[in-house]
Amino acid sequence: MLLDNINSPKDLKKLTIPQLSRLAEEIRTFLIENLAKTGGHLAPNLGVVELTLALHYLFNSPTDKLIWDVGHQAYVHKMLTGRRDQFPTLRQYKGLCGFPKMAESPHDVWETGHSSTSLSGAMGMACARDLKGEKNHVVAVIGDGALTGGMAFEALNHIGHEKKNVIVVLNDNEMSIAPNVGALHNYLGKLRTDSSYRWAKDEMEHLLKSIPAVGGKLAQLAERVKDSMKYLLVSGVLFEELGFTYIGPIDGHNLDLLLETLKTAANTKGPVLVHAITKKGKGYAPAEADSVTWHGVGTYKIESGESASKSAATYTSVFADTMIELAREENRLVAVTPAMPAGSGLLKFAQVFPKRMFDVGIAEQHAATFCAGLALQGLKPVYAVYSTFLQRAYDQLIHDIARQKANVIFAVDRAGLVGADGETHQGVYDIAFMRAIPNMVIMAPKDENELRHMMKTAAVYDDGPISYRYPRLNVRGVKMDEEMHVLPIGKAEIVQEGKNVAILSFGHIFEIAEQAVAQLGRDGIAPMLVNARFCKPLDEDLLRRLGNEGYDIITVEEGCAMGGFGSAVQEFYAAEGYHDINVTIMGVPDYFVEHGTVKEQRQEIGLTAEAIVSRVRSLIPLHKQRA
């Protein structure tokens, strides 16, 4: 096995091109066999095997900077840079990260988990290189899906204007996580099918060069003719007009061609864009046939491609079914997603209401302001977005939605700890960053039944933006009410009356608080248990009652402790003059929580039933002393 002897890019450079082709097949086999046991991003990595080999064969990482956009296609890169033996721990607690991570290797020069960041990072590194007088290459690999993000175009514009030596490799597989949409996708489609341009351009340049003493007006005319030819035959015009030398499209699985093309790019002054056509999922039939499903998978059976884990109802599936139900009642309701129709559960909605479903591509900022435009014209847009991706639309949330009091509904999926995707995707900041915004209502259900009621509440709310957050978890399996009803805004639910200590839980972490109360009850300790439901506005009447009756308070949330629900409770008491009240905040501490199972992550940060029990017990002696 050639792969057994590849522990660094230096080992790779000892191979012949035929051996590289053999190695590519070994890598695919390795990925298919290992990810069957751990899960992970299979299809994206199968599609970039030859491309990754060519990059490491030609360039000298980490002196030359290889930057992977999003990073879910960096498994092959990890294998070639000494981490092959760690793959049994992929995405597991304290194991190999599923995205580039500087702490793992000096070859990971850019950490990412969100799309469209690579080109800005590459430009920064190129400028730093030039200021320091260094000579290394900077290469950014970006997919055609990520290229639809607005930040990528901002960077392309800057790179082209400054004429920096940056190589952009466009990994074009016609996919991001979902099928790409938009004008750029259609433009790239034309490039993929247009083989005539490169030949015609070369012929035109040869003809012009053969004319003796071309100068003055004739030279200007020749340039206009060449430009006309360029526009006539389409290929690469967009990138060339932005200041790039465009090369392609080329077969991204042809090692000889890849190496030849990348060598040309490396020897070209100024910014270069290499357009490589690849097949997502290449080498594994189930992944080739359905690269959406196989973008990121759990464990599976290699022979059949069947999932090895049992499927169960999730909060996302409850959201999806309820959206259809609500849309039948309210014809103003429309759905908006930034390139996540499958992940957000909206594929079924799109089938039932195709004209009321908008997938805007990887463009979270545009999606938010687009929702504002819809809302200000009388519609009720539901912006279905992962918590970690909503971060990218913060200015639009403040400036375009909340300030204009637009009736936009935020369905914040993957809220809380997300498990194997880890620190780049943890949905733990939305409570804090949304709470600071005027005109915002923030809800979180304790279970799937309450999620439906919150969705109904949001659908009829017409006084500005409103949000509900729900986790990347299976549902609890509680009894579902036959009819949805509207919840009173800002009113909590007292699930159990108690004395001395009140546990205020916000969101799906209620299950843990409930377990803690059950444990305490067996020992004769009876704290009050509150399902807060709302973080903004708070149930001020309940908080005053607790303050006046001398309760110690423990707040529990699966969100960052700084600025979150617990902070809101503390701020209320400070503003109301309750200086003696004791508020203990249990949430996510002030550091980035790495990958693992949600259970392991909760254990690490002390967000467990046992931890709540311990906090309650520690408060009981204080009450006795005060008594």
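In this structure a side-chain-to-backbone donor-acceptor pair under 3.5 Å is present from Q92 to P88. With hydrogens and angles disregarded, a donor-acceptor distance shorter than 3.5 Å links the side chain of Q426 to the backbone of V418. Of the possible donor and acceptor atoms, none in the side chain of K348 sits under 3.5 Å from a partner among the backbone N and O of I324.
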- Query: Can L31 and Y75 be said to form a side chain to side chain contact (heavy atoms under 4.5 Å, CB included), step by step?
  - Reply: CA-CA 8 Å; L31 287 170; Y75 293 3; 4.0 Å; yes

- Between R91 and C97, is a side chain to side chain contact (heavy atoms under 4.5 Å, CB included) present by the stated rule, with each step listed? CA-CA 5 Å; R91 291 159 53 90; C97 182; over 6 Å; no

- Task: Take Y468 and V412 through the side chain to side chain contact (heavy atoms under 4.5 Å, CB included) test and state the conclusion after the steps.
- Result: CA-CA 6 Å; Y468 44 83; V412 185; over 6 Å; no

- Message: As a quick check of understanding, evaluate side chain to side chain contact (heavy atoms under 4.5 Å, CB included) for L80 and T52, giving each step before the final call.
- Response: CA-CA 9 Å; L80 300 177; T52 310; 4.0 Å; yes

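Looking at H114 and T388, their side chains do bring a donor and an acceptor atom within 3.5 Å of each other. Judged purely by distance below 3.5 Å, without hydrogens or angles, the side chains of R83 and T81 pair a donor atom with an acceptor atom. A donor-acceptor contact closer than 3.5 angstrom is absent between the side chains of N474 and T314. A donor-acceptor contact closer than 3.5 angstrom is absent between the side chains of Y394 and Q365. Judged purely by distance below 3.5 Å, without hydrogens or angles, the side chains of E558 and H508 pair a donor atom with an acceptor atom. Using modelled atom types and a 3.5 Å distance limit, the side chains of T322 and R452 yield a donor-acceptor pair. S61 and H107 form a side-chain donor-acceptor contact under 3.5 Å, judged by distance and modelled atom types alone. In this structure, a donor-acceptor pair under 3.5 Å is present between the side chains of H295 and K280. Under the 3.5 Å distance criterion, with hydrogens and angles disregarded, no donor-acceptor pair is assigned to the side chains of D413 and S344.
L347 contributes atom CG, which lies 10.5 Å from atom CE of M340 (distance to the nearest 0.5 angstrom). The structure places NZ of K78 at 8.5 Å from NZ of K101, a figure rounded to the nearest 0.5 Å. Rounding to the nearest 0.5 Å places OG1 of T608 at 6.5 Å from CE of M586. Considering CG of L90 and NE2 of H41, their distance stands at 9.5 Å, rounded to 0.5 Å. Atom CG of residue L346 and atom CG of residue D359 lie 9.0 Å apart, to the nearest 0.5 angstrom. Atom CD in Q73 sits 7.0 Å away from atom CG in D69 (nearest 0.5 Å).
Residues F239 and H275 place their aromatic rings such that the two centres sit no closer than 6.0 Å. Under the 6.0 Å cut-off for aromatic ring centres, F370 and Y383 do not qualify, their centroids lying 6.0 Å or more apart. For F99 and W68, the ring centers are positioned 6.0 Å apart or more. F433 has its ring centre no less than 6.0 Å from the ring centre of Y429.
Just one residue in the list L255, L257, D251 forms a side chain to side chain contact (heavy atoms under 4.5 Å, CB included) with H253, and that residue is D251. When each of F319, F410, Y315 is tested with Y470 by the rule ring pair (Phe, Tyr, Trp, His ring centres under 6.0 Å), just one qualifies, namely F319.
Around CG of D4, the count of heavy atoms belonging to other residues, nucleotides or ligands within 6.0 Å exceeds 12. The environment of K301 atom NZ is sparse: at most 12 non-hydrogen atoms of other residues, nucleotides or ligands sit within 6.0 angstrom. More than 12 heavy atoms of other residues, nucleotides or ligands sit less than 6.0 Å from atom CD of E423.
Counting only heavy atoms from C-beta outward, the side chains of V336 and V382 never approach each other to under 4.5 Å. Annotation: side chain of L55 is in contact with side chain of V139 (closest heavy-atom distance under 4.5 Å). Between K456 and L326 there is a side-chain heavy-atom pair separated by less than 4.5 Å. In this structure, the side chains of I250 and I277 stay at 4.5 Å or more apart for every pair of heavy atoms. Under the 4.5 Å side-chain criterion, counting only non-hydrogen atoms from C-beta, V352 is in contact with R328. No side-chain heavy atom of L66 sits less than 4.5 Å from a side-chain heavy atom of V109. Looking at L119 and L147, their side chains come closer than 4.5 Å, going by heavy atoms from C-beta outward. Between N45 and R28, every side-chain heavy-atom pair lies at or beyond the 4.5 Å cut-off.
Between E557 and R469 no salt bridge is recorded (no basic side-chain N to carboxylate O distance below 4.0 Å).
A parallel orientation is assigned to the rings of F389 and Y386, their planes being inclined by less than 30° (bins at 30° and 60°).
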